[in-house]
Structure formats: C-alpha cells, structure tokens
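To start, the structure under review is shown below, and the notes come after it.
Computed from heavy atoms alone, side chains included, the values below leave out hydrogens, waters and symmetry copies.
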Amino acid sequence: MAGISHVLLTGGVGSRLWPLSRQSKPKQYLEIFSEKSLFQLALERNRLFCQELIVVGNSGNKMLSEKILAKTDCENIINIVEATPRNTAPAIAFAAFAARPDDILLVTPADHIIQEGEAYSKAVENAILLAKDDYLVTFGIEPLTPETGYGYIEFDGDNVISFREKPDIEHAKAFLESGKFLWNSGMFCFKASVFLNELKKYAPEVYDKSLQAWEQADEGFLHLEASMEIPSISVDYAVMERSERIKVVPAKFEWSDMGSFEAVYEYFRANGYVLDANQNMQIGEAKPTFFVGVNNCILISTKDANLIVSKSASQDVKAVYSYLEQYHPDLVR
C-alpha cells in the first residue's frame, strides 16, 4: 500500500559555517539550536505527515545520523549510505528506488530551520495533494529581504515561470519588489515513480548509472566504483528546471537554510542570545570577549581556530574554507 515517506538528505559539510561545521561533524549535526541539531528538528517536524523515513547520507556521517536516530522512537527507517557525494539528483533517485512506485516522497535537506505550525502544515498538505496528481512540487518561500545567497523561483499561482540563480543585490531587490518571485527552498514533494520517469526522460545517464549503482548496493550501502560512474548533478538542473510537470507551493512559513553565520546570528538573536551594545555576538567556546570599535560582527571560537566576520560578509566564509581545504586540510576535517 502506498504511503508518504520523508526523504532526509544529510549530505553537505556546511563550509560557510566553518569553524563550527567540519567534515567530521557538519552543521546539520551541531546541537546548538535549542540544544537540538537541525537533523533532529527536521525529523520531528515531518513525522506528522509521513509513515516512513528514508535517510540518504554518506559513510562519513552514517554514525552521526544513527546517534540522533537512537534518541528518537522513529520506526520504518531506510538508511541509504552513499560511497561518494554525487549531488541531489542521484541521492533522491536512490530514495525513489527504495520506495514503492506510488509512494509520495517529501524531500527535505537536514540542515534547514523552519518554524512549525499552521503555515508549514498547510504548505505540506497542499504539496501532497499536487503530488497525488502526478506533479513534481517544489516549495517556494515568500521572500522578506533581497537575499543574494538563495536561488529564486518566478511564479504565477502554483505555476513555475522560471528558476533563477543566486542574484546580485540589484536583481535581488528587483525580485523582491516585483512580488513575482519566491526563494527556492530546496524542498520537494512527488511520487517516486513520477520523479524517476522524469529523471529518465531528462537525465537518462543519471537515471541509468544511479539504477546500476542501486542494484549493486549491499543493504543500502552503495559501492564506490559504481557510484563514481554517476554524473554529479543537482535535482534542479537534472529535472526541476526541465520538466513540464512542475508546480510550486508558495509558502509563508519562516525558513532559513542556515547557510551562513548571518542566518545563525539572526536565529540566535530572535531566541534571546546576548549581544553587546554594538550588536556583536560570540559563538562557540565561552571566553571573556570584548569588541571595540566594531559593529554587527561575529566571533566564532573553537579549540583550534577562531573566525571573526562581519555579519554582512558571512557568505564569504566559504572562500576561507576553500583556502583551508588546499593549504590546511587538518582544520576542516
């Protein structure tokens, strides 16, 4: 009998949240959000709608996922372990192969923060109804500010006009003022069979190589050699921007991909975190800290590294991570 499955994508290292987020413990496993991790919050948030959980992660975070799952009373869990990251299109394909053809998959990243409540429940319910009619549904968030760190969806009702890449500030302001654009949340809802049919149609090599890797998997563990044959591509590029079966659910729930320290700053501030008189914040190891002559800055302190960043420049932390990957890899592990 078909049901609704929550597909939880747990890949990614959260490079823009270095030095808190490391390869050994990415941001979705950091228990700093009301003493819970983003992974756990995502589990709890979607259990109301789903009868089954499909976790898609990698060998490096398998134990981290299992540690959190052990704290919950989740049943009916399928754990898929990728041998190497191949981006979101193959990851979702593996979940669809594991599901029954008519199962509806509610696909969410494990590293977003969302305000639960009526607005979220209504959006999910609307997406499920559209998915039952064989549409591929994406969630678009009503924008509040001209964000340059998010992709955008141009829409008319529940119809998608176009997908837009992360814009510069002038285009972001124009998107916001027009009222015709939504933030692209990276959340989806569709039947397993409909997604696989569209993947096969628009990205046949991704479909074929993913299926071959899945058929060779050992109890959910994918093999490296077969996985390396799969093209690495996002679900947006592979399917969502090409299919004629796309619908969008415009949503008003509070949402953040927690993709920068600015997002973490705003979350902490909204939850009563102490700032100094000039709106500076310290995160991480508690040490006597004083900010002099600077405003809206964040100090992130860990045992082996410190980062000082202006809130407005927090998207640029990824460049620091890339530098460290090349010259000091020990600091990102």
Side-chain angles (χ1 to χ4, degrees), residues 1-11 42-43 46-57 74-83 86-110 123-139 158 160 185-223 226-227 229-231 233-249:
M1 181 178 177
I4 302 173
S5 297
H6 178 204
V7 178
L8 191 58
L9 305 178
T10 70
L43 285 179
N46 293 291
R47 289 178 63 184
L48 293 172
F49 316 103
C50 304
Q51 297 83 45
E52 188 173 63
L53 172 66
I54 304 175
V55 178
V56 186
C74 289
E75 299 179 355
N76 301 321
I77 300 171
I78 297 174
N79 200 0
I80 299 171
V81 182
E82 295 180 291
R86 307 314 289 164
N87 217 314
T88 52
I92 296 171
F94 297 142
F97 291 137
R100 294 170 291 269
D102 287 337
D103 282 354
I104 291 175
L105 308 181
L106 175 61
V107 182
T108 76
V124 172
E125 289 164 2
N126 288 343
I128 290 171
L129 288 175
L130 287 168
K132 287 181 177 178
D133 288 334
D134 293 342
Y135 288 108
L136 301 179
V137 185
T138 184
F139 291 77
D158 63 7
V160 174
S185 71
M187 297 168 51
F188 310 99
C189 188
F190 35 65
K191 286 180 184 175
S193 58
V194 174
F195 173 76
L196 290 175
N197 287 339
E198 294 297 278
L199 181 66
K200 187 174 184 178
K201 179 178 180 180
Y202 292 103
E205 185 180 7
V206 178
Y207 175 88
D208 290 340
K209 296 297 185 182
S210 297
L211 179 58
Q212 290 171 22
W214 178 251
E215 290 174 339
Q216 296 175 43
D218 183 11
E219 296 184 352
F221 286 77
L222 290 123
H223 299 297
S227 297
E229 295 293 320
I230 306 170
I233 186 171
S234 73
V235 67
D236 283 331
Y237 287 143
V239 176
M240 303 304 288
E241 295 184 10
R242 305 170 71 182
S243 174
E244 297 179 356
R245 307 200 64 82
I246 306 299
K247 293 288 186 180
V248 64
V249 170

**Request:** Taking the side chain as every heavy atom from C-beta outward, state whether Val235 and Phe195 have any atom pair closer than 4.5 Å.
**Result:** yes
**Asked** Between Met187 and Val107, does a side chain to side chain contact (heavy atoms under 4.5 Å, CB included) hold up when you go through it step by step?
**Response** CA-CA 6 Å; Met187 297 168 51; Val107 182; over 6 Å; no
**Fill in**
What one should report as the nearest heavy-atom pair of Pro109 and Gly186 is CD-O, 3.5 Å
**Message:** Please give me the minimum heavy-atom distance between Ala42 and Leu8, naming the atom from each residue.
**Reply:** CB-CD1, 3.8 Å
**Item:** Atom pair CD (Glu82) and CG (Asn87), whose distance is rounded to the nearest 0.5 Å
**Value:** 9.5 Å
**Request:** State, yes or no, whether a side-chain contact exists between Asn46 and Leu48 at a heavy-atom distance under 4.5 Å.
**Result:** no
**Request:** Decide yes or no for Leu43 and Leu53: does some side-chain heavy atom of the first lie under 4.5 Å from some side-chain heavy atom of the second?
**Result:** yes
**Steps toward side chain to side chain contact (heavy atoms under 4.5 Å, CB included) verdict (Leu9, Ile92)** = CA-CA 8 Å; Leu9 305 178; Ile92 296 171; 4.2 Å; yes
**Request:** Output the distance between atom CG (Asp158) and atom CD1 (Ile246), rounded to the nearest 0.5 Å.
**Result:** 12.0 Å
**Message:** Under the rule for side-chain hydrogen bond (donor to acceptor under 3.5 Å, both in side chains), what residues qualify as partners of Ser185, not counting sequence neighbours?
**Reply:** none
**Request:** Output yes when a side-chain donor or acceptor of Arg245 lies under 3.5 Å from a complementary backbone atom of Tyr135, and no otherwise.
**Result:** no
**Item:** Partners meeting side-chain hydrogen bond (donor to acceptor under 3.5 Å, both in side chains) with Arg242 (sequence neighbours left out)
**Value:** none
**Asked** Between Phe97 and Phe94, how do the two ring planes meet: parallel, tilted or perpendicular, split at 30° and 60°?
**Response** tilted
**Item:** Check: Ile80 and Val55 side chains under 4.5 Å, non-hydrogen atoms
**Value:** no
**Prompt:** For Thr108 and Val7, what are the C-alpha separation, side-chain angles and deciding distance, and is it a side chain to side chain contact (heavy atoms under 4.5 Å, CB included)?
**Reply:** CA-CA 6 Å; Thr108 76; Val7 178; over 6 Å; no
**Message:** Filter on salt bridge (Lys or Arg N to Asp or Glu O under 4.0 Å), then keep only pairs touching residues 204-222, sequence neighbours left out; what's left?
**Reply:** none
**Request:** Might you point out which heavy atoms bring Val137 and Phe190 nearest each other, and give the distance in Å?
**Result:** N-CD2, 4.4 Å
**Fill in**
In this structure, CG of Leu211 is separated from CD of Gln216 (nearest 0.5 Å) by 10.0 Å
**Message:** Rounded at 0.5 Å granularity, tell me how far CD1 in Ile233 sits from CG in Asp236.
**Reply:** 10.0 Å
**Request:** Might you work through the side chain to side chain contact (heavy atoms under 4.5 Å, CB included) test for Phe188 and Thr88, ending with a clear yes or no?
**Result:** CA-CA 11 Å; Phe188 310 99; Thr88 52; over 6 Å; no
**Prompt:** Any side-chain heavy-atom pair from Cys189 and Val124 closer than 4.5 angstrom?
**Reply:** no
**Asked** Is there side-chain contact between Pro90 and Val206, with at least one heavy-atom pair below 4.5 Å?
**Response** yes
**Message:** Within a 6.0 Å radius of atom OH on Tyr202, are there more than 12 heavy atoms belonging to other residues, nucleotides or ligands?
**Reply:** yes
**Asked** Who passes ring pair (Phe, Tyr, Trp, His ring centres under 6.0 Å) against Phe139, sequence neighbours left out?
**Response** none
**Item:** Contact check, side chains of Leu136 and Met240, non-hydrogen atoms, under 4.5 Å
**Value:** yes
**Item:** Side-chain heavy atoms of Ile128 within contact of Leu106, under 4.5 Å
**Value:** no
**Prompt:** With Ser5, which residues qualify under side-chain hydrogen bond (donor to acceptor under 3.5 Å, both in side chains), at least two apart?
**Reply:** Glu52
**Request:** Specify the closest pair of heavy atoms between Asp103 and Gly3, including all atoms of both residues, with the distance to one decimal.
**Result:** OD1-N, 2.8 Å
**Item:** Separation between OG of Ser234 and CD of Glu241, rounded to the nearest 0.5 Å
**Value:** 7.0 Å
**Item:** Heavy-atom pair with the smallest gap, counting every atom of Phe49 and Gln51
**Value:** O-NE2, 3.7 Å
**His223 to Ala83 - nearest heavy-atom pair and separation** = C-CB, 3.7 Å
**Asked** Nearest 0.5 Å, what's the CZ-OG distance between Arg100 and Ser193?
**Response** 12.0 Å
**Fill in**
For residues 127-136, the salt bridge (Lys or Arg N to Asp or Glu O under 4.0 Å) pairs (sequence neighbours left out) are Asp134-Lys191
